[in-house]
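What you see is a predicted model, and the numbers here were worked out from it, not measured in a lab.
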Amino acid sequence: MSRQAILAEYWEFLKFRKKFWLAPIVAILVCLGVLLAFASSSATISPFLYMMF
């Protein structure tokens with residue numbers, strides 16, 4: 001599946017089930033995942049990441 005198909009299916013789920021409160025939770029989880037992936041590959045940002053958590 002392409003990213004666009006996954007996002008379209010997720011949007012349809014939100015519209016159909018009226019679960020719009022899930023959108024911010026998923027966005028935060030994706031941002032944390034990107035931040036952790038970036039921190040594991042970069043030695044310069046790691047100390048700042050550990051200070052946040």
Side-chain angles (χ1 to χ4, degrees):
M1 281 183 111
S2 69
R3 284 187 179 175
Q4 290 177 347
I6 292 171
L7 290 176
E9 186 175 340
Y10 178 65
W11 180 249
E12 289 298 319
F13 169 78
L14 289 178
K15 283 189 343 187
F16 182 73
R17 300 283 185 187
K18 306 286 190 231
K19 304 247 185 226
F20 292 110
W21 55 271
L22 284 175
I25 295 171
V26 171
I28 289 171
L29 288 175
V30 167
C31 289
L32 282 176
V34 168
L35 182 64
L36 288 174
F38 182 68
S40 67
S41 64
S42 174
T44 59
I45 198 170
S46 295
F48 300 111
L49 179 68
Y50 293 129
M51 283 186 352
M52 288 193 315
F53 297 106

Single-linkage hydrophobic cluster, 4.5 Å side-chain cutoff, [X] and [Y] together:
X     : Y     : answer
Phe20 : Tyr10 : yes
Leu29 : Val26 : yes
Ile6  : Leu22 : no
Ile25 : Val30 : yes

After noting the C-alpha distance and the side-chain angles of Lys15 and Trp11, does the key distance pass the side-chain contact (heavy atoms from CB on, under 4.5 Å) rule? CA-CA 6 Å; Lys15 283 189 343 187; Trp11 180 249; 3.2 Å; yes

With side chains defined as the heavy atoms from C-beta onward, is the minimum distance between Phe16 and Glu12 less than 4.5 Å? no

